[in-house]
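Contents: one structure, followed by commentary.
Everything quoted here is computed from the prediction, not taken from an experiment.
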Amino acid sequence: MYGMELFGGYASGSMETKLWMPENKRDVLYISSYNMRCGGVHPSIRFKMDEGSPEIVPFNSPVSDPGPEPESSESSGDGDSDGPRLEPLSEKLPVPPAELSLYRAAVALHALLLAAFFHYRFTHPVTDAPWLWLTALACELCLAAAWLLAQLPKLSPTHRATHLHRLASRHGGDGEESPLPGVDVLVTAPPFPAAGAAALLATANAVLSALAADYYPAGRLACYVSDDGADMVAFEAVSEAAALARRWVPFCRRHGVEPRAPELYFARGVDYLGGRAAPGFVKERRAMKREYEEFKVRINYLAAMARKVPEDGWVMSDGTPWPGNNPRDHPAMIQVLLGHPGDQDAEGNELPRLFYVSREKKPGFQHHGKAGALNALLRVSALLTNGAYVLNLDHDHCVTNSAVLREAMCFFMDPEAGNRTCFVQFPLRVGVEDDGGDPDATSDSVFFDIDMKCLDGIQGPVYVGSGCCFNRKALYGFDPAFSEEDDGEDTPAHWSGWCFGKKKQRALRRTMSTIPLLDSEDSDEPTGADTARTRRRLRSYHAALERHFGHSPAFIASAFAGAAQVRGGGDGDSDSTSAAAASSLLREAIHVISCAYEERTRWGKDVGWIYTSGGAAALATGFMMHARGWSSAYCTPALAAFRSFARANPSDVLAGAARRAAAAMGVLLSLRHCPVWAGAGAGGRLRLLQRLGYVAGAAYPLVSLPITLYCALPAACLLTGRSVFPEDVGYYDAVLLISFLSSAAAAVALELRWSRVTLRAWWRDQKLWVVAGTSACLAAVFQGVLRACAGIDVGFSSSTETAAARSSSDDDGGGGGEEERRTVMRWSRLLIPPAILLVGNLAGVVVAVSYGVDHGYSSWGPVLVKLALAGWVVAHMQGFFRGLLARRDRAPTIAVLWAVLFVSVLSLLWVNVDSYSAPPPARSSSQQPVL
């Protein structure tokens, strides 16, 4: 195979390091990581050594030397500086005051009417059906509390605007005067070959779209692909993508095509021949499309070969077994695919860098799934390129806006708020965007266009796991930069600083940052009797850094150094010196992705992506940054920044909702990361409304309990002839009910007005909320309780094969999997609860209508309210089940059969119990039981 010829320089399990450079200039860098210790520091990393001691002392702390944001630290004053004050690169655009005032008034009116409604419910009990009345009242109280908790953070929405022309005027050249800072793109690949050819193609498109992003100079853009399974097919797919990038990247930049993912670009229904396209562009487009079709054929061929793995595993061209034949036990591997000196595209221009990374896997170690893979990529990228900012992408999300990185730089390099921005989150859209298509082609329009914009008006949006650009310093656990006015002694955030005397400078900063920071003025060379004490302080300081970052001097130095200090290699060095430096750097890169590197360090606790038991690394990571005082930004460009590779089918949507709900329950039941009390001490920099937003985001699966019971009440009322509302409804009670419903409709209408979300997208979100609440979220509640109390991990997936692959790759963050018992359930079993509710309400509607037809006009009055509630349930559930039943290959027949059987058994049981019970009191003709 093509990839087998590349790994001719494989070094088998020894301490020896081999650096093989084939003639095609594609370096294959494989270093065994058994018992490997750090082999030296890259000479281009600048650090200061104290005489007579081996400790590393950084030149400046990140607070005083922000590095890649010189504008933010120099021009954030009040205008007293010598130069003119720079204009902001981004700004907040508040919602028009008239729309916002009406929206807040509608919410306040609805809250008052909600209180009046509960006063009516408490003062008018239903004595005929007390248990149904109490159940309905409890559900209504829970739903009202959930609405209030979710509504409080939504009272100050805001929009964002970026100024790309100002960024281009300050950083518009490829020279070294004012280039843009480096960006490292981290792509996590799914487990192969269980993921199939579609996942291979999606990963290749994500890589190609990231490499083709409009960012200059190209050498400051690097892409890292993580393959935890170390599969030969994944390596071949990334290698093929690297070969295609030499043609695809110059094609995109020369013609400015959008989107930059070839699959999404060629799938668009655009008549490029009917426009003003030049003949040269038409010819090049046809040639590029033909080359991409050949690329897809090769990817499909690789996927077909992956189904027939040899018994002894893959073998390379020199007869050596492929090191990743065992996905659970394989050494670490790094390969440079693009970015060598002199490596150019088809037109002779510089290419971005591309790396293939597979971290070490050993039985008995906690690997922490996706969060662990991202932390490994974070450490490798710090040693190889050390970009100031990091873009996180899933394998199925492609860059559809070439200016997305420059949009993020408008926030990070803003002279006012750049040093306090930890990440910039972009909305994630679904499917292919066609000209004239549905603009709201995403099932999360309400979340991305309403909830995230409301949080952006407080302290910033939450991190959703993909499509997010991070400040590397924030991922390391550093404190945000503060202005000199905030650094006074009376600032609440700095009361925890340790001061040695009134006239003495502070030697050690004790802020919300978990990193031990040493001020630059205290790193001066001591004299006389202070030498020994200074050495002890530096030794303890270096030991504290190792406990925080791990035993890697090169990585520790890169955490305190600027990007230019790591990228610089010295053009005048000899070949032998460069080879020795590369060998030492690669040893260190392999060392930082070994299994034992994170042991007894702060990785996963305070550094990098946070590890949680339920796989909710995204929610916990963003929460920890906001708790340290950082703020985030939400960027919604006119052209969608990221879009998924393909539309998800209903079963995948349900399985994804189950995983997200289970992750949220894991955070809510965690003692360390629960947003109710986590981060409350040590300064309290998390705003109250921001905390409420995190609490609402973690506790939303609990709403599944009242919503499931409330959806079952109409069927119970229709089939038993009882009611949860009193019969004697007066005039004022009717006016209150109508006013209550009208205020709810007005609040929704005004919310859709300022957010510009369509009514169709809102209704789609409501239907998904009810279906997921009665299935996926309900299962996630029990899953979270079982995991927290009994240690039983129950997983839900869209198919048996996918679930097995996910379990084997530890995607849920469970680690080795030896301690926990794991049960995988088919997606169709999640449909049984909503199917029971749907069939029960349909049966109740049919029986009630038949009863009304048989008994005349006077019998319709008592059942109208119950029919309205049943119609509400059926309207929310019928669309999702209609879509599922339309798939003849995987129709959920078992779910429908179980639902019919369950409703029939309950109905017969009620008839028997009601028949043999005590005779009921005399009823009026309007309250006859239906069954």
Side-chain angles (χ1 to χ4, degrees), residues 106-152 154 692 695-696 699-730 732-748 751 762 765-775 777-778 781 833-834 836-838 840-841 844 862-877:
V107 172
L109 178 61
H110 184 65
L112 291 176
L113 293 176
L114 185 63
F117 172 76
F118 280 114
H119 178 267
Y120 167 76
R121 293 287 282 159
F122 276 107
T123 56
H124 294 75
V126 180
T127 57
D128 189 24
W131 291 109
L132 292 178
W133 174 75
L134 287 176
T135 303
L137 185 60
C139 293
E140 290 164 358
L141 286 173
C142 293
L143 293 176
W147 175 83
L148 185 62
L149 181 63
Q151 198 65 42
L152 287 177
K154 297 169 65 175
L692 291 180
V695 172
Y700 81 92
L702 296 178
V703 185
S704 61
L705 297 175
I707 195 63
T708 302
L709 292 176
Y710 209 76
C711 289
L713 286 177
C717 293
L718 288 173
L719 295 177
T720 60
R722 308 294 175 86
S723 178
V724 295
F725 292 95
E727 296 292 338
D728 51 342
V729 179
Y732 293 101
D733 298 335
V735 171
L736 173 63
L737 181 60
I738 295 174
S739 301
F740 174 72
L741 297 178
S742 301
S743 64
V748 171
E751 186 178 66
W762 176 84
D765 180 81
Q766 291 297 308
K767 292 191 294 184
L768 182 61
W769 175 70
V770 173
V771 173
T774 55
S775 58
C777 295
L778 185 65
V781 172
I836 292 174
L837 296 175
L838 179 63
N841 281 275
V863 299
L864 285 180
V865 177
K866 293 178 281 186
L867 283 177
L869 292 177
W872 180 87
V873 176
V874 173
H876 280 79
M877 292 187 174

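Applying the side chain to side chain contact (heavy atoms under 4.5 Å, CB included) rule to Ser739 yields the partners Leu113, Val735; only residues at least two apart in sequence or on another chain are considered. Judged as a ring pair (Phe, Tyr, Trp, His ring centres under 6.0 Å), and not counting sequence neighbours, the contacts of Phe117 are Phe740. Considering only residues two or more places apart in sequence or on other chains, Ala106 meets the side chain to side chain contact (heavy atoms under 4.5 Å, CB included) condition with Ala747, Leu750. With sequence neighbours excluded, no residue forms a side chain to side chain contact (heavy atoms under 4.5 Å, CB included) with Leu112. For Trp131, there are no ring pair (Phe, Tyr, Trp, His ring centres under 6.0 Å) partners at least two apart in sequence or on another chain. The side-chain hydrogen bond (donor to acceptor under 3.5 Å, both in side chains) check on Thr135 picks up nothing, with sequence neighbours excluded. With sequence neighbours left out, His124 forms a ring pair (Phe, Tyr, Trp, His ring centres under 6.0 Å) with Tyr120. Residues forming a ring pair (Phe, Tyr, Trp, His ring centres under 6.0 Å) with Tyr700 (at least two apart in sequence, or on another chain): none. Qualifying side chain to side chain contact (heavy atoms under 4.5 Å, CB included) partners for Ala111, counting only residues two or more places apart in sequence or in other chains: Trp147.
Applying the salt bridge (charged side-chain N to carboxylate O under 4.0 Å, His left out) test to residues at least two apart or on different chains, none of the pairs has a partner in residues 700-721. For residues 139-152, the salt bridge (charged side-chain N to carboxylate O under 4.0 Å, His left out) pairs, not counting sequence neighbours, are Arg121-Glu140.
In terms of heavy-atom proximity, Ala146 sits nearest to Val703 at CB-CG2, 3.7 Å. In plain terms, the two heavy atoms of Arg722 and Ala129 that are nearest each other are CB-CB, 3.9 Å. Residues Leu719 and Gly844 come closest through the heavy atom pair CD2-CA, 3.8 Å. Between Ser704 and Val781, the shortest heavy-atom contact is OG-CG2, 3.6 Å.
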Under the criterion side chain to side chain contact (heavy atoms under 4.5 Å, CB included), I'd like the reasoning laid out for Tyr710 against Val873: C-alpha separation, chi angles, the key distance, then a yes or no.
CA-CA 9 Å; Tyr710 209 76; Val873 176; over 6 Å; no

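Within the 3.5 Å criterion, the main-chain N or O of Trp872 finds a donor-acceptor partner in the side chain of His876.
With rounding to the nearest 0.5 angstrom, the CG atom of Leu867 is 11.0 Å from the SG atom of Cys717. Remark: Leu132 CG to Leu709 CG distance equals 11.0 Å, nearest 0.5 Å. Note that the CD1 atom of Ile707 and the OG1 atom of Thr774 stand 8.0 Å from one another [nearest 0.5 Å]. Here the CG-CD1 distance, from Leu741 to Ile738, works out to 8.0 Å after rounding to the nearest 0.5 Å. Rounding to the nearest 0.5 angstrom, the gap separating the CG atom in Leu778 from the CG atom in Leu702 is 11.0 Å. To the nearest 0.5 Å, atoms CH2 (Trp133) and CG (Asp128) are separated by 13.5 Å.
Contact annotation: the side chain of Leu869 approaches that of Phe725 to within less than 4.5 Å [non-hydrogen atoms, C-beta and beyond]. Residues Val770 and Cys711 have side chains in contact (heavy-atom distance under 4.5 Å, counting atoms from C-beta outward). At a threshold of 4.5 Å between non-hydrogen side-chain atoms, the residues Leu736 and Tyr732 do not count as touching. Put simply, the side chain of Leu837 reaches to within 4.5 Å of the side chain of Thr708, judged on heavy atoms. Inter-residue side-chain proximity for His110 and Gln151 is flagged as unmet; no heavy-atom pair is nearer than 4.5 Å.
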